[in-house]
Amino acid sequence: MLRTEADAIARLMDRLDGSFERAVELLAGTKGRIIVSGMGKSGLVARKIAATFSSTGTPSFFLHPAEAIHGDLGMLVSGDTVVALSYSGETEEILRLLDRIKRLGIPLISMTGNKNSTLAQASDVVLDVSIEKEACLLNLAPTASTTASLAMGDALAIVLQERKGFQEEDFAELHPGGETGRRLRRVEQLMHTGDQVPVVQTSTPMGEVIQEMSRKGFGTTSVVEDGMRLVGIITDGDLRRFLQARSNWMDLTAGECMTRKPLTIGRRELATFALHLMESRKVIALLVVDEEGRLEGLLHLHDLWTTQMF
């Protein structure tokens, strides 16, 4: 059974031609939504294809053809593109949508196993998803045919995703929940801001620097000047080194003790990238700055682990 379904997908590759490219161009040029429709098992596949389009940056929804002819036809408007699934190409409920589609001038892409069917003849682009046989022992239950249609829909969605330049950060915007959302969270969603961030001036005496670090509890403090322009950092490790090397370190200022050019990150970076930076540079905190180098926040390693991101 698995081999039969795998073969059905493999044969699609031999039939890819200009029709697939035209379908992608039609979808890419759609000003409205991508409406995916199908009846029965094809309808279940259509729902998944619509969901894949939406999750990869192309607004889409599923239209049940039977519900459509009982009032939901109003979902179809000029500017949309319809992707219709019918292996026979003669599904009555799908064919009854054609009048509305044609009157509105909506482009129609069909996935069918019958290129001579009524649906195929009415379509702007026909994608051939025909198979030699179903995986069902009786060659009746839609199995290999629905698998082929699903694979073709996925191919359309992913090529369209690449065509539009849809990136990881765009994916993150559409997947804020679940495991995907946790992996794709941004620094700005996890960082500490405002009074939570330890901040001292270059002129701050080291005694006050220690007090600031103790109050905020991150084992580090940022050093700024001219407002919030970041110029350095002081860590617990820096304090230990000064204790060992100098006896008069309490007479110094933050500007005399700080490490210049600290490791920083932007607020829109992915938290996974922040973790990579911390691990590769062996630090437990990153200072978050804007494009002008002004301090915006602090991200601590514990923030990544306590949110169960990884």
Side-chain angles (χ1 to χ4, degrees), residues 9 12 20 23-114 117-120 122-129 141-161 163-164 166 170-171 173-178 180:
I9 295 176
L12 293 179
F20 184 86
V24 171
E25 291 304 314
L26 268 179
L27 295 171
T30 299
K31 303 300 183 184
R33 298 80 40 85
I34 307 300
I35 315 300
V36 192
S37 189
M39 195 70 189
K41 302 299 186 293
S42 291
L44 297 176
V45 173
R47 286 181 186 274
K48 194 275 178 184
I49 293 174
T52 302
F53 276 134
S54 293
S55 71
T56 51
T58 301
S60 178
F61 66 83
F62 169 73
L63 176 63
H64 195 295
E67 297 292 340
I69 59 178
H70 289 281
D72 285 356
L73 273 176
M75 294 181 180
L76 291 175
V77 297
S78 296
D80 292 342
T81 296
V82 171
V83 178
L85 280 66
S86 170
Y87 190 76
S88 68
E90 301 294 344
T91 304
E92 179 182 357
E93 292 86 351
I94 290 288
L95 297 184
R96 294 180 70 178
L97 303 181
L98 295 180
D99 180 63
R100 171 82 172 174
I101 291 171
K102 293 302 179 182
R103 280 194 291 112
L104 292 176
I106 295 174
L108 174 62
I109 300 168
S110 63
M111 292 189 202
T112 180
N114 183 359
S117 63
T118 303
L119 177 62
S123 299
D124 297 281
V125 179
V126 180
L127 298 177
D128 184 0
V129 292
T143 46
S145 59
T146 49
T147 298
S149 296
L150 179 61
M152 184 66 80
D154 284 344
L156 282 174
I158 301 309
V159 172
L160 187 60
Q161 173 187 0
R163 169 86 160 63
K164 290 184 169 185
F166 190 81
D170 303 308
F171 196 82
E173 294 285 352
L174 301 180
H175 297 76
T180 300

Open item on the list: If the condition is side chain to side chain contact (heavy atoms under 4.5 Å, CB included), which residues does A144 pass it with, not counting sequence neighbours?
Closed with: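 Partners of A144 by the side chain to side chain contact (heavy atoms under 4.5 Å, CB included) criterion, ordered by chain and then number, come out as T4, E5, A8, I131, E134.
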
Task: Pair E90, T118: side-chain N/O donor-acceptor within cut-off below 3.5 Å - done: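 Short answer, yes.
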
Closest contact, heavy atoms only, [X] versus [Y]:
X    : Y   : answer
I34  : L27 : CD1-CD2, 3.4 Å
R100 : G74 : NH2-CA, 4.2 Å
G153 : I49 : CA-CD1, 3.7 Å
L97  : S37 : CD1-OG, 3.8 Å

Are the side chain of [X] and the backbone N or O of [Y] linked by a donor-acceptor pair below 3.5 Å?
X    : Y    : answer
R33  : L76  : no
S60  : S54  : no
S117 : A120 : yes
D124 : I109 : no
T143 : A141 : yes

Open item on the list: Just checking K41: does its NZ atom have more than 12 heavy atoms from other residues, nucleotides or ligands closer to it than 6.0 angstrom?
Closed with: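 Open: at most 12 neighbouring heavy atoms sit under 6.0 Å from NZ of K41.
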
TODO: Using a strict 4.0 Å threshold on nitrogen-to-oxygen distance, state whether K48 and D154 make a salt bridge.
DONE: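 Yes, charged N to carboxylate O under 4.0 Å.
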
